[in-house]
Amino acid sequence: MNIFEIYLKKINEIVLTLNKKKIIIIDENLSSISVDVPPGNFNSDISTNVSMVLSKLNKKNPVELAKIIVKELAKDKNISKVEIVKPGFINIKFKKSFWNDFVKNIILNHESFGINQYEKKNNFLVEFVSANPTGPLHVGHCRGAILGDVISNILKFNKHKVFKEYYVNDYGNQILSFTKSVFLRCREIIYKETFPVMSQDIYPGDYIIGIAKNIIKNNPKLNFDDFEKISKNLTILSVEESLQIIKSNLKKLGILHDKFQSETNLVQNKEVEKVIEKLIKNNFVYKGKIKAPIGEDNKNWIEREQLLFRSTDFGDDKDRALQKSDNTWTYFASDVAYHNNKIERKFDKLINILGADHAGYINRISSSVEALSGEKDKLICKVSQLVKLIKDGKPFKMSKRKGDYITIDDLVKEVGKDATRFIMLSRSSDVELDFDFTKVKEKSKDNPLYYVQYCYARISSVFRNINQNINDEIKLENYNFSYNEDEIKILKKISQWPIVIDIASKKLEPHRLPTYLYELASDFHSYWNKGKEDNNKRFIDKNNKISNDKIVFLKSISNVIKSGMNIIGVDTPERM
RNA sequence: GCGCCCUUAGCUCAGUUGGAUAGAGCAACGGUUUUCUAAACCGUGGGUCGGAGGUUCGAAUCCUUCAGGGCGCGCCA
């Protein structure tokens, strides 16, 4: 039940009727008419800008126009007061009985409260994490991982279909270096050869030893004399090991992908050739030269003729190479094939979650998607900005040198899954995020996660005190409540929950959830403390009884907290 | 040089796809526990929304431009 949507519809109807009666003129497009939350200092529940939107067209000043509309609105039996305010806003105040119905509706439909029933349900593919399978995930991957997971949860909550995918870059030079590192670690173990830690293109991390040990144990017949001979086989084994680590990292964060799509697999199935043929047919590919990159040493740059994709046709700043000088495909080429593969699987929308360091890649890949699908906004890229790690009050820089980076396992062990998820989501993905280890670890009041969870725990404790459980179904004969102003204030906050979900879902902005839940928890804590001075605002009375009004009131709050925390993917403990 | 992101209170940030007198938390100071969980609450101070133009009934929000900070630029992935 989205009361803002309901009243927007009502106002549109009024305007249409008035237009039919030739009382007012309307635009074909009514979309700029909105129903919003009025600022707190006005004593009203919802407000609308109709008369300001239509005033110019009608050559009437907004206040005059508002008077006509207000006359119609006043017929609504739920409304107790309608006011016209300064520039021309119409402010509406509901009767108490309206809030009675509102709460009743939540209780009877608690499963679906907050869900936006869009006319069109989309089928989304969300690609996220997609880190190179060369080792465990570290903190840097964490934000994007959680972002993608919760965006998926939000879309699912709104009844869209979501498929979560991880693209495995198991092809190319980096994987070759990785396999070589595993190979050398194997020789270190078997032949006691010294491992060249400082050598270039070699992964020094200790985790490779573990991978090597596993491979030796599970493949006793493997011979490590000649790299060329086993390289192909060893790559498969190494990537498999590394994916096991990555999957277990993700599991610790509570993240489960539906599919891991291998790049090598696409190359072997000739999907790259297939897509390039398709592009050639449509004249999106040509042979040409590109200039050396700017701002770097390019003494070694050799200009040569090569296969290029016309990404400039779609707004990219240069055309992009598809083939390397050794005739293998570039990363971009197989990624185009991958996106073609996604398109062929008939998703309505493709969502990619990228780290800030890959933002420069967006133009070329969305160009390719547009070229292949003919749809301009088929692909939506969401960039998550950097996480600034702070430890002991100082910025903490991760480097590739051993021991100098924090893995997701370390993080979850120290901070916990819930705090990690909640904090990582607490800011808009467009801004850098300070992640302060020492602070997040403290179970202090500074930590917004506990603040919200505490609200739920307090509500649970009320139910516990009267020998009920917060999860018990409520069965009431009649729903006849009367709420005071402090309670209605919280009900109004609850009424905004569907809007929060709506915006978060349309703009793919999960941070709106923690922000909102914090505010709701704050309103509740505030109300709770009023019970110390005013017995009417306590939930349990002297006779250890609770009124239906209060039960239902508490249920409405805990319902929203729980469903929000579920989407974020964190627990709501009943005791703290 | 070019592209993307950011600039809002001392600090960290919200701000409902253009709305009304711009809001939280932290930090500072003062208060609240015989009673449902004080991991909480209440109060006080704190602002030229980076600068300058523009668009309009109306701008923190949109456009142009300038300044500052971050990330990126490849036949790496």
Side-chain angles (χ1 to χ4, degrees), chain A residues 4 32 34 36-42 47 49 52-53 55-56 61-62 85-89 91 130-132 134 169 171-175 263 290 292-296 298 301-302 304 306 316-318 321-326 328 330-332 334-335 355-363 383 385-386 388 426-434 436 439 443-448 450-451 453-455 457-466 496 499-500 502-503 506-507 511-512 515-516 518-519 522 524-533 535 538-542 544 546 575-576:
Chain A
F4 297 90
S32 44
S34 66
D36 302 286
V37 183
N41 46 322
F42 290 97
S47 83
N49 63 353
M52 285 180 299
V53 172
S55 76
K56 201 173 185 184
N61 94 49
V85 184
K86 235 183 1 191
F89 287 101
N91 286 353
S130 298
N132 285 345
T134 55
N169 302 132
Y171 176 85
N173 291 329
Q174 290 193 10
I175 284 298
E263 179 182 3
I290 43 173
I294 292 160
E296 264 188 52
N298 33 35
W301 183 268
I302 306 159
R304 68 172 191 99
Q306 57 185 333
D316 199 3
D317 27 304
K318 56 174 124 174
L322 294 162
Q323 214 164 15
K324 297 189 235 173
S325 56
D326 64 359
T328 59
T330 60
Y331 170 79
F332 176 60
S334 46
D335 207 16
D357 51 343
H358 288 77
Y361 187 74
I362 294 174
N363 251 332
V383 175
Q385 294 298 319
L386 287 185
K388 273 193 283 181
S426 61
R427 302 284 180 234
S428 150
S429 58
D430 284 339
V431 305
E432 288 185 6
L433 179 107
D434 287 348
D436 190 325
K439 253 191 191 168
K443 294 203 167 178
S444 78
K445 56 185 170 183
D446 293 4
N447 194 323
Y450 298 115
Y451 188 83
Q453 286 181 328
Y454 188 48
C455 167
R458 272 182 156 172
I459 294 174
S460 299
S461 85
V462 172
F463 284 94
R464 207 163 40 237
N465 276 293
I466 49 165
Q496 292 165 29
I499 307 181
V500 172
D502 183 40
I503 296 163
K506 282 183 180 148
K507 299 176 89 166
H511 75 278
R512 289 171 186 273
T515 306
Y516 170 84
Y518 188 91
E519 288 167 7
S522 173
F524 175 77
H525 288 312
S526 178
Y527 181 88
W528 179 278
N529 278 275
K530 284 187 174 150
K532 290 186 170 145
E533 280 157 22
N535 271 322
R538 292 176 62 78
F539 295 101
I540 300 172
D541 65 22
K542 285 174 236 151
N544 211 32
I546 187 168
R575 281 174 204 268
M576 286 175 74

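Within every chain, numbering begins at 1; the chains are lettered A, B, ... in the order of the sequence lines, protein sequences first and strands thereafter.
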Any H525(A) side-chain nitrogen or oxygen under 4.0 Å from OP1 or OP2 of rA24(B): no

Minimum-distance nucleotide (side-chain atoms of N529(A) versus rA40(B), rA77(B), rA14(B)): rA40(B)

Syn/anti state for rU33(B) [syn: chi within 90° of 0]: syn

Spacing of the C1' atoms in rA67(B) and rG58(B) (rounded, Å): 28 Å

Proximity to the side chain of T515(A) - top-ranked nucleotide from rA14(B), rA20(B), rA39(B): rA14(B)

For rC71(B), the Watson-Crick or wobble counterpart (both distances under 3.5 Å): rG3(B)

More than 12 heavy atoms of other groups within 6.0 Å of R575(A) CZ: no

Separation of atom OH in Y451(A) from atom P in rG25(B), rounded to whole Å: 7 Å

Value in whole Å for how far the P atom of rC73(B) lies from CG of D316(A): 14 Å

Proximity to the side chain of K532(A) - top-ranked nucleotide from rG19(B), rU35(B), rG15(B): rU35(B)

Distance below 4.0 Å between Y331(A) side-chain N/O and rA77(B) OP1 or OP2: no

Under 4.0 angstrom between K530(A) side-chain N/O and rU35(B) OP1 or OP2: no

K507(A) vs rU16(B): side-chain N/O to OP1/OP2 distance below 4.0 Å: no

Nearest-nucleotide comparison on RNA chain B, the residue closer to the 5′ end among S47(A) and D430(A): D430(A)

Spacing of Q385(A) atom CD relative to rC5(B) atom C1', expressed in whole Å: 4 Å

Options rC6(B), rG19(B), rC71(B), nucleotide nearest the side-chain atoms of D357(A): rC71(B)

Short side-chain N/O contact from R458(A) to OP1 or OP2 of rA39(B), under 4.0 Å: no

